[in-house]
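Heads up: the structure comes next, in structure tokens.
Below, read A as the first sequence line, B as the second, and so on, with proteins coming before strands; counting in each chain starts at 1.
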Number of protein chains: 2
Amino acid sequence: MNDRVDDERGATLASMASVLADATRATFLVALLDGRAWTATELARHAGVAPSTATAHLHRLRNSGLITEVRQGRHRYVRLADPATADLVESLVSAAPDVAEPVRSLSASTRRRALAFARTCYDHLAGTLGVAVTDAMTARGFLTWENGLAVTDDGAHWLTTLDPQGWPPGRGRAPVRPCLDWTERRSHLAGAAGALVCRYAIDAGWVARRPRTRAVTLTATGRHALREHLGLAESVLRPKASA
Amino acid sequence: MNDRVDDERGATLASMASVLADATRATFLVALLDGRAWTATELARHAGVAPSTATAHLHRLRNSGLITEVRQGRHRYVRLADPATADLVESLVSAAPDVAEPVRSLSASTRRRALAFARTCYDHLAGTLGVAVTDAMTARGFLTWENGLAVTDDGAHWLTTLDPQGWPPGRGRAPVRPCLDWTERRSHLAGAAGALVCRYAIDAGWVARRPRTRAVTLTATGRHALREHLGLAESVLRPKASA
DNA sequence: CTGATGCTTCGGCCGGTGCCGAAGCATCAG
DNA sequence: CTGATGCTTCGGCACCGGCCGAAGCATCAG
């Protein structure tokens, strides 16, 4: 009567999902979406739990293969295991039905606005800026959405001018992928192409990372460059005054 | 200190994952991967739980938007909500680290072999047959894996001959996507193209669905047609005698 | 060496959640 | 109408798993 094969898959699915099903572990993973390595204590403080609790969670995340760790002296640095894991986390977040959340405080509002304008999402750009770049690349004919998202020949050429080594990407990773933007409710560019653009934008000083947050700052250089490369109007490159 | 925005995303992720984190609900979802509608009682028997328990689980799955339901008389038919949900379920299953499972009984072994040879995976073909079709399409130049998986112009033409209405697909769904085969440990064709091929194979009598299982039977017509269309050798189209 | 810091282990508490059976309602066949 | 079937609600039980604080070990600075 029982279908053993399917039972195995069901049990597998459940055990995998149960790792993600805890609010504290989920907070860890979302924090790690910035692609950087965090220490155990940082994550514990970020999630508001005791160090001992964080230890147990990290133990479980590591055993499930979702994170990797590096020991350095008395520090334990952890990262997401790979881009596929980041994709999984993202897809679970965006699978949830949308609910509008009221903003709770002024400083939270400021922080939210900074994040909404420009941030990194694992390894690519997100927020208003991420969507604007994606739109501009589409308008320039670098991307096509005809049969799903794809890079055009012109687009491949442009990516090559940014990073001759970086395109086309190696196998094992989606070259291009839409990622649903949680603030804009629209898709921005992810996958290897999104990572390439983001890497270049940071290296070339178009945007600057800020400490302790995924928000990034668009520099004057960046504004100019985006206008040159993609014809992006200055008007869309200013954070909006109100949420 | 707390990052409210990220907390929201973490909580969202956790609540979504907790829906998938139960073995019984996971068994339901894996069963529903066959793309068909099941009744509540069928799912309860399949998973080995009381009807009242199944009711509670279905309630929760529906509230999370993972399944949709149709009431017909005293029956409650449920399906996966959409292809994106199927993708999510698949990606969670394949995110788990591989573990080899010993086969438990002779009938289980037979069933497993049938599933391993040819089955549907939500809406496309999987198993040895699914991988063989994918390989043959690649050899024929219908698919390219150069920069990730894509359909070539020749491939688009072939798909059009199968179903003039079906290609190119509408927006909102990936046209083509690799899906990791859990028996072959290699990727087979999924996405809209995979669904088109599978739909045609069933409609044209190449393969026949079996009741109460996701395994499908390759017909004589199918063997002939696959040889004609894709040059698939007969030798790969026989279920292997041993696992 | 000494104290501070980062991380870990252990014991115990507690809330959430999955399970069942009994009872009840709606539908359908006869 | 009557009984069978599909599904639902409710009450109660049991267990899993997350949380903390205390104590302990390793590393590092002074």
Quick one: Leu43(B) CG to dT8(D) P, roughly how many Å, whole number?
12 Å
Does Arg60(B) have a side-chain nitrogen or oxygen under 4.0 Å from the phosphate oxygens OP1 or OP2 of dG18(C)?
yes
Contact under 4.0 Å: Thr53(A) side-chain N or O vs dG18(D) OP1/OP2:
no
Counting the atoms with a prime plus P, OP1 and OP2 as sugar-phosphate, which does Thr24(A) contact under 4.0 Å by heavy atoms, base, sugar-phosphate, or nothing?
sugar-phosphate
Is the phosphate of dT8(C) approached by Arg71(A) (side-chain N or O, under 4.0 Å from OP1 or OP2)?
yes
Suppose we call a contact any N or O donor and acceptor under 3.5 Å apart; does that hold for the side chain of Ser52(A) and the base of dG21(D)?
yes
What is the distance from NE2 of His59(B) to C1' of dT8(D), rounded to the nearest Å?
10 Å
Given the side-chain rings of Phe28(B) and Trp38(B), with only the six-membered ring counted for Trp, is the space between their centroids under 6.0 Å?
no
Gln72(A) atom CD is separated from dC28(D) atom P, nearest whole Å, by 10 Å
For the pair Thr134(B) (side chain) and Gly130(B) (backbone), establish whether a donor and an acceptor sit closer than 3.5 Å, ignoring hydrogens and angles.
yes
Nearest whole Å is fine: how far is dG18(C) P from Leu61(B) CG?
10 Å
Report the residue from Leu92(A), Leu61(A), Leu88(A) that forms a side-chain contact (heavy atoms from CB on, under 4.5 Å) with Leu29(A).
Leu61(A)
Look only at the side chain of Ser18(A) and the backbone of Ala21(A), and say whether a donor-acceptor pair between them is shorter than 3.5 Å.
no
5' priority, DNA chain C, between Arg74(A) and Ala56(A) [closest heavy atom]
Arg74(A)
For His75(B) and dC28(C), what is the distance between atoms NE2 and C1' respectively, to the nearest whole Å?
9 Å
From dC19(D), dA4(D), dC19(C), nucleotide with atom closest to Val49(A) side chain
dC19(D)
Please state how far atom CG in Asp22(A) lies from atom C1' in dT17(C), giving the value in whole angstrom units.
14 Å
Below 4.0 Å: OP1/OP2 of dT8(C) and any side-chain N or O of Arg76(A)
yes
Find the distance Phe28(A):CZ to dC19(D):C1' and express it as a whole number of Å.
12 Å
Any sub-3.5 Å donor-acceptor pair from Thr27(A)'s side-chain atoms to Ala47(A)'s backbone N or O?
no
Residue from Val78(B), Thr85(B), Val89(B), Leu80(B) passing side-chain contact (heavy atoms from CB on, under 4.5 Å) with Leu66(B)
Thr85(B)
Does the side chain of Thr39(B) pick up a donor-acceptor pair with the side chain of Arg74(B) at under 3.5 Å?
no
To the nearest angstrom, the NE2-P distance between His57(A) and dG17(D) comes to 12 Å
In DNA chain D, consecutive runs of at least three Watson-Crick or G-U pairs below 3.5 Å, as range with range, amount to C:1-30 with D:1-30
